Amino acid sequence: MELDRRAFLKSVVIAGALEPAAGARASVGEARPAAADAMGVLVDVTKCNGCRRCEAACRAANGFDALSEESLKDRSVLAQLRQPGAADYTVVNEITAALPAAEGRSVYVKRNCLHCVDPACVSACLVGALRKQPQGAVTYDAAKCMGCRYCMVVCPFQMPAYEYENVLTPQVRKCGFCTGQAQATNDDAPACVRACPKECLTYARRSELLHRAHTRITEQPESYVDHVYGEHEVGGTSWLYLSGVPFDLLGFPTLGTAAPPRLSEAVQHGVFSHFMPPVAWCAILGLTMWLTRSDRGESAPPESPGPVVHDDGFVNRLPERGKSHEFDGECVGASERQ
Amino acid sequence: MSSMESVWAPRSGSSSRHAATALLAGLAAVGVAAGLYRFGLGLKASTNLDHFYPWGLWIVADVSFIALAAGGFVTAAVVHVLHRERYHFLVRPALLTAMLGYTFACLLLAADLGRYYNIWHPILPHMWQGNSALFEVGMCVMTYLVVLYLEFVPIFCQRFVSDRRHPRLSRLCAGVDRIASRCMSFIIVLGVGISCLHQSSLGHIFVLAPTKLHPLWWTPILSLLFLLSAVMTGLPTVILVCLLAGRSFRKPAPMRALGEVAKYLPVVLSIYLAIKVGDLLLRGALVHLMQLSLPSLMLLVELVGGVLGPLILLALPRVRRSPGWLGFAALLVMLGVVINRANVYWIGFQPVGAPHRYVPSLAEWAFTAGMVAALVLLWRLEAARFSIIGWRSDRVTSWLPILLLCRSSRVGAAVAVACKPQRRGRSPCALSV
């Protein structure tokens with residue numbers, strides 16, 4: 001009976017704690033809006049020819065092994081469906097097989113961290129190593145990181161990579177939107193955007209990019225599907241994609257419009273709202289402990305049909321100081337009065 | 001002070017017991033070697049973790065340890081908060097289990113962390129990140145670990161209080177014991193409170209990954225399910241621990257009281273089952289159960305084998321009276337919860353575009369098995385050193401089912417022989433400390 005009551009009590013407490021969360025549910029679906037001056041990049045997939053100059057520029061900007069001219073000419077790499085990794089923040093993949101035969105040609109897709117407007121990785125990181133910057137970038141601070149890789153677990157795009165081979169100081173590796181490199185170049189566009197010869201990448205305010213993207217779709221409806229990927233996906237992303245073929249054929253995950261952190265944080269902050277529910281729960285426990293203690297004579301004394309609890313036949317070499325097995329003050333009191 | 005041997009295996013002439021001990025010690029040694037391998041050569045060399053599966057067996061073992069260690073707070077709540085004094089004998093075995101369970105969970109976690117030396121970072125205020133479920137888990141686990149060790153302080157002190165050879169130590173321990181006893185009510189309430197918080201947060205971690213966790217497990221109330229399943233596995237773990245410790249120390253656990261405790265389990269199990277099935281129905285996720293796939297099979301194993309099975313078994317008075325059957329049912333509940341944690345953290349985790357599924361490496365298995373073996377050995381050692389087992393035995397009936405279960409494997413055979421019913425009437429105090 002006690003357990004039953006306990007479980008019931010607990011569920012009541014939890015239900016009560018979740019109540020504010022349920023109230024917040026209305027806003028759960030709505031993502032946190034992007035900052036007005038947040039920057040973004042529009043990727044027009046139809047214009048990319050797979051030259052991989054963005055990859056080379058990214059490697060140079062981030063200090064990874066440089067890509068030589070010869071390796072850029074080797075187009076066999078494109079077909080491998082790579083994922084951005086610990087030594088390359090961006091990769092270009094060639095998509096051919098998945099496309100309808102009528103399409104007749106390959107599509108090149110640049111993949112990198114999309115810098116979500118309301119990023120799950122930032123919500124996940126327990127030490128704040130991942131941060132959403134006001135200008136749009138999601139940045140990483142290795143000095144704070146403890147390497148739990150929760151960010152990798154929650155990223156809907158599988159973008160954070162990990163230096164598993166690094167024994168002592170592994171880092172989470174992902175595109176940092178070239179944050180902090182603007183001063184050096186006097187141009188705050190990311191290295192990949194500056195390197196693109198085909199004007200496939202456009203760097204501007206996110207709101208402006210959305211406007212431009214929709215204009216392009218309206219002006220050339222025959223060239224584009226009517227979908228700006230990243231406008232609403234998981235609450236919006238800073239990197240936006242335009243394509244001539246449906247995005248699921250290009251390997252983009254089909255995602256809802258709700259930003260995962262809204263639901264998760266609503267529940268969490270419901271349970272922890274101003275620390276009231278946990279404190280109340282502890283107070284209930286303490287009160288129960290106080291009220292049901294047997295020396296008040298209100299509850300039945302522990303009639304003991306089973307074993308005598310405090311009996312110690314086992315380590316009875318210890319001379320007794322009182323009873324050696326009592327555990328806390330309450331219990332000592334209870335047993336001594338019997 | 002007797003020889004080391006008597007601590008590990010108290011009864012002379014029991015070669016099977018020595019064999020079981022040797023087996024556990026061997027496993028622990030292999031585990032230590034695997035641990036050294038991980039810290040020496042890194043995660044890439046020792047694990048099969050990759051870009052798509054950043055969490056593997058060690059995290060599964062981690063959350064399983066924490067769930068199984070829930071007995072610590074459940075018994076504390078039953079005995080100290082609700083004052084069911086007659087179950088007091090459960091408290092110390094549960095506390096020791098919880099203490100070691102959390103300690104080893106932290107060890108496993110440290111092995112899994114890329115920058116394990118930063119494990120204390122959540123304490124620093126400028127790194128606090130209150131939106132993260134993992135932050136909540138980190139803070140609570142750290143606090144609860146301290147709470148568990150504080151709860152152990154009186155046990156530790158009482159060991160030395162009456163040590164006449166060291167009067168100073170004795171006086172010091174008596175003083176510490178007195179102070180600890182004064183604060184104990186507060187510590188216990190704190191322990192129960194924060195246990196509920198982080199047990200649930202361990203489930204809440206995956207609410208943030210709705211697109212990657214299989215719909216059979218992803219639900220906004222994952223935290224509630226994790227809390228309930230931790231509560232429901234707490235007592236069975238303590239029951240099994242008591243039964244096995246009774247075997248090991250030749251001081252059979254009191255079946256009458258254990259049976260009484262077990263009477264409540266079907267209630268808790270059915271509450272969990274009702275909420276889990278209700279959640280599946282409400283979210284319309286039952287369609288996924290209709291397809292024959294690994295996740296649907298694993299959910300069936302989890303719910304039928306780990307919840308429904310023991311629910312029916314424990315509802316039968318015959319099962320609750322027999323140590324073998326009771327132990328078997330308790331084991332089922334424990335395995336069910338471990339499978340549940342594995343399902344959420346491993347089987348049900350399905351990242352888009354992963355080229356292959358994650359399968360743990362040899363070193364991952366070795367380290368996990370080694371840590372489990374080390375935990376069992378340390379439990380045995382500490383139970384022999386400190387007064388953990390304080391029950392008076394009543395009559396033992398049949399151990400048949402668990403013996404049959406054990407005999408099927410070689411490891412089990414050793415355990416089974418070690419568990420062979422004792423002759424009654426022998427002194428339980430053969431073990432010297």
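All chains are named by letter (A, B, ...) in the order of the sequence lines, taking the proteins before the strands, and each is independently numbered beginning at 1. If you're wondering where the values come from, they're calculated on a predicted model, not measured in any experiment.
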Inset, instruction - State which residues pass side chain to side chain donor-acceptor pair (under 3.5 Å) with B:Lys212; sequence neighbours excluded, sorted by chain then number. - result: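 Only A:Gln158 meet the side chain to side chain donor-acceptor pair (under 3.5 Å) criterion with B:Lys212.
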
I need the residue from [options] with the largest number of non-hydrogen atom pairs under 4.5 Å to chain A.
options: B:Pro54, B:Gly42, B:Gly193; answer: B:Pro54
options: B:Ile194, B:Leu222, B:Thr47, B:Asp50; answer: B:Asp50
options: B:Leu41, B:Leu113, B:Val207, B:Leu43; answer: B:Leu113
options: B:Leu190, B:Ile119, B:Ile205; answer: B:Ile205

Legend entry - Spatial distance of atom OG1 (B:Thr211) from atom CZ (A:Phe157) [nearest 0.5 Å]: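 Going from OG1 on B:Thr211 over to CZ on A:Phe157, the span is 8.5 Å.
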
Inset, instruction - Quick one: pull up CG in A:Leu291 and CG in B:Leu82 and give me the separation to the nearest 0.5 Å. - result: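 Nearest 0.5 Å value for the CG-CG distance: 11.5 Å.
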
I'd like to verify something: which residue of [options] has the highest number of heavy-atom pairs under 4.5 Å with chain B?
options: A:Glu163, A:Met152, A:Gln171; value: A:Met152
options: A:Pro278, A:Ser264, A:Ala86; value: A:Ser264
options: A:Thr254, A:Leu255, A:Thr169, A:Leu287; value: A:Thr169
options: A:Ala143, A:Cys155, A:Pro170, A:Gly128; value: A:Pro170

Is the closest side-chain heavy-atom distance between [X] and [Y] below 4.5 Å?
X: B:Phe206; Y: A:Val154; value: no
X: B:Val352; Y: A:Phe252; value: no
X: B:Trp128; Y: A:Leu126; value: no

Answer with side chain, backbone, both or neither: which region of [X] has an atom nearer than 4.5 Å to a non-hydrogen atom of chain A?
X: B:Tyr53; value: backbone
X: B:Pro210; value: side chain
X: B:Ala133; value: both

Legend entry - Heavy-atom neighbours of B:Phe186 CZ exceed 12 at 6.0 Å: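 No - once you tally the heavy atoms of other residues, nucleotides and ligands closer than 6.0 Å, there are 12 at most.
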
Between [X] and [Y], which heavy-atom pair has the shortest distance, and what is it?
X: A:Tyr162; Y: B:Gly114; answer: OH-CA, 3.1 Å
X: B:Trp55; Y: A:Cys148; answer: NE1-O, 2.6 Å
X: A:Pro260; Y: B:Leu208; answer: CB-O, 3.5 Å
X: A:Val271; Y: B:Leu197; answer: CG1-CD2, 4.5 Å
X: B:Glu136; Y: A:Phe272; answer: CG-CZ, 3.1 Å
X: A:Ala124; Y: B:Ser132; answer: O-OG, 2.6 Å

Please state whether the side chain, the backbone, both or neither of [X] comes within less than 4.5 Å of a heavy atom of chain B.
X: A:Ala129; result: neither
X: A:Gln83; result: side chain
X: A:Leu168; result: both
X: A:Val122; result: backbone

Is it true that a side-chain atom of [X] and a backbone atom of [Y] form a donor plus acceptor pair closer than 3.5 Å?
X: B:Arg115; Y: A:Ala142; value: yes
X: A:Tyr164; Y: B:Asn48; value: no
X: B:His121; Y: A:Lys144; value: yes
X: A:Arg149; Y: B:Asp112; value: yes
X: B:His51; Y: A:Gly85; value: no
X: B:Gln129; Y: A:Leu130; value: no
X: B:His80; Y: A:Met289; value: no
X: A:Thr292; Y: B:Val81; value: yes
X: A:Gln268; Y: B:Gly130; value: yes
X: B:Asn131; Y: A:Glu265; value: no

